[in-house]
Number of protein chains: 2
Amino acid sequence: MSQQLLLNYISKYISLSKEEEAIFLSKISFRKYLKGQYLVQQGDICRFTNFVVSGCTRTFLVDDKGQEHIIMFGIEDWWVSDIGSFITQTPADYNVQCLENTSVYQFSYEDQEAMFESIPKLERLFRKLLERHLVSSQKRIVRGLSLNAKQQYQYFKDQYPNIEQRVPQYMIASYLGITKEFLSKLKKQLLQE
Amino acid sequence: MSQQLLLNYISKYISLSKEEEAIFLSKISFRKYLKGQYLVQQGDICRFTNFVVSGCTRTFLVDDKGQEHIIMFGIEDWWVSDIGSFITQTPADYNVQCLENTSVYQFSYEDQEAMFESIPKLERLFRKLLERHLVSSQKRIVRGLSLNAKQQYQYFKDQYPNIEQRVPQYMIASYLGITKEFLSKLKKQLLQE
DNA sequence: ATTAAAAGTTAATCTAGTTTAACTTTTTTT
DNA sequence: AAAAAAAGTTAAACTAGATTAACTTTTAAT
């Protein structure tokens with residue numbers, strides 16, 4: 001069962017008793033989305049935090065000029081949501097869209113609060129996940145400040161070889177903050193070296 | 001007393017009883033640093049999480065080419081540390097240096113763990129702080145992807161007018177990921193408009 | 001008060017990355 | 001299987017921002 005995937009993941013951070021696992025599983029629900037569907041839409045309130053079991057998502061926003069900017073991709077074992085919208089239950093800044101058919105475990109804001117009350121260890125889990133997420137977010141900022149486009153692309157290919165294969169190249173360009181034309185150029189350069 | 005500053009800050013997120021406040025205060029220590037001193041040094045283990053009571057810090061790294069990149073500034077009411085180093089107690093990627101004489105409340109990793117055990121509400125506090133911090137970190141990434149240098153500089157001046165006044169301009173350039181020369185040019189342009 | 005060091009400015013030249021536009025390849029739809 | 005749509009490539013012209021270097025102003029040290 002795919003529940004085991006989630007429990008395995010959690011066990012890397014905290015250890016739950018069988019009873020606690022049962023309570024946790026009772027609070028979350030499994031759901032499938034089709035390629036193209038949205039888990040969150042810019043302007044809507046983000047109702048759920050989602051743990052990706054299978055599939056692939058992109059988190060992006062459309063700016064004033066109508067340009068799309070991809071903030072992150074989500075694959076197996078990742079959490080996706082508009083966290084700012086989720087924690088304040090106010091309209092989302094970002095869209096989360098499925099790039100493949102995608103299965104998730106999800107829970108609502110109310111469920112999360114209830115979970116944290118009944119099992120404080122889960123609040124610890126999320127505190128730790130947030131810490132790690134923040135660290136990687138800061139590292140991404142540093143890469144933006146210290147690496148040029150080619151170096152950032154190489155880092156991306158290194159770190160996420162599967163994502164590189166699974167998503168359209170123009171989305172990778174967007175994630176890197178460059179144009180698809182320039183990414184094409186970089187790829188050609190890298191082949192020739 | 002400056003303890004009140006910290007308690008006021010905390011009360012925005014959770015409410016502690018007098019006893020809990022007393023336990024919390026017993027776990028943290030007040031410390032003063034001089035301008036130029038380091039709270040954390042790249043390569044050392046980050047022993048403390050610091051809450052800035054007064055003064056100003058910069059968090060930065062020196063890359064392979066010897067170039068400095070400023071990741072954030074810290075002023076009154078901000079938390080500063082190398083969080084990645086702190087949570088894993090491994091060598092720090094970043095330096096945190098005082099740009100003014102700076103007073104902080106600080107606690108060690110062990111103190112934090114003990115605090116979270118004795119007062120679970122504090123773990124909630126930090127979970128919520130991390131959520132907010134992550135949201136603003138993501139927004140910074142988005143600005144990096146969607147705004148040009150002039151727009152990012154205007155945003156910075158808007159959001160942090162005091163920091164703009166207090167720190168050297170070349171550090172603001174570094175924070176924005178541009179050269180001091182180009183920042184000079186932008187400032188001239190903005191004056192002429 | 002003088003000198004030295006650090007910070008900030010200006011301008012010329014250069015380059016990483018954008019824009020535009022035409023074209024090719026791949027994927028999806030009928 | 002054809003047609004249409006989406007994705008990817010190439011190349012020429014352009015621009016935001018970097019680099020270099022000389023100079024001015026401010027701050028710190030003797």
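- Ion pairing between Glu123(B) and Arg127(A) holds under the 4.0 Å rule for side-chain N and carboxylate O.
- Leu191(A) places its CG atom 12 Å from the C1' atom of dT9(D), with the value rounded to the nearest Å.
- Using a cutoff of 4.0 Å between basic side-chain nitrogens and carboxylate oxygens, Glu110(A) and Lys27(A) are not scored as salt-bridged.
- Below 30°, between 30° and 60°, or above 60°: for Phe107(A) and Phe86(A) the angle between ring planes is above 60°, a perpendicular geometry.
- Note on residues 161-193 of chain A: pairs passing ring-ring contact (aromatic ring centres under 6.0 Å, His included), not counting sequence neighbours, are Phe73(A)-Tyr175(A), Phe156(A)-Tyr175(A).
- Phe51(A) and Tyr105(A) have their aromatic ring centers separated by at least 6.0 angstrom.
- The NZ-P distance, from Lys188(B) to dG17(D), rounds to 17 Å in whole Å.
- Between Phe126(A) and Trp79(A), the ring-plane angle classifies as perpendicular under the 30° and 60° cut-offs.
- To the nearest angstrom, C1' of dG17(D) lies 11 Å from CD of Gln189(B).
- Near DNA chain C, meaning a heavy atom under 4.0 Å away, the residues from residues 155-174 of chain B are Pro168(B), Gln169(B), Tyr170(B).
- For the pair Glu131(B) (side chain) and Leu130(A) (backbone), a donor-acceptor distance under 3.5 Å is absent.
- Between the side chains of Tyr155(B) and Arg143(B), at least one donor-acceptor pair of N or O atoms lies under 3.5 Å.
- Summarising the geometry, the separation between CG on Leu145(B) and C1' on dA16(D) is reported as 17 Å, rounded to the nearest angstrom.
- One can place CD of Gln151(A) at 17 Å from P of dT15(C), the figure rounded to the nearest angstrom.
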With sugar-phosphate taken as primed atoms, P, OP1 and OP2 and all else as base, the protein-contact string of nucleotides 17-30 of chain C at under 4.0 Å (heavy atoms; B, S, -) is BBBBB------S--
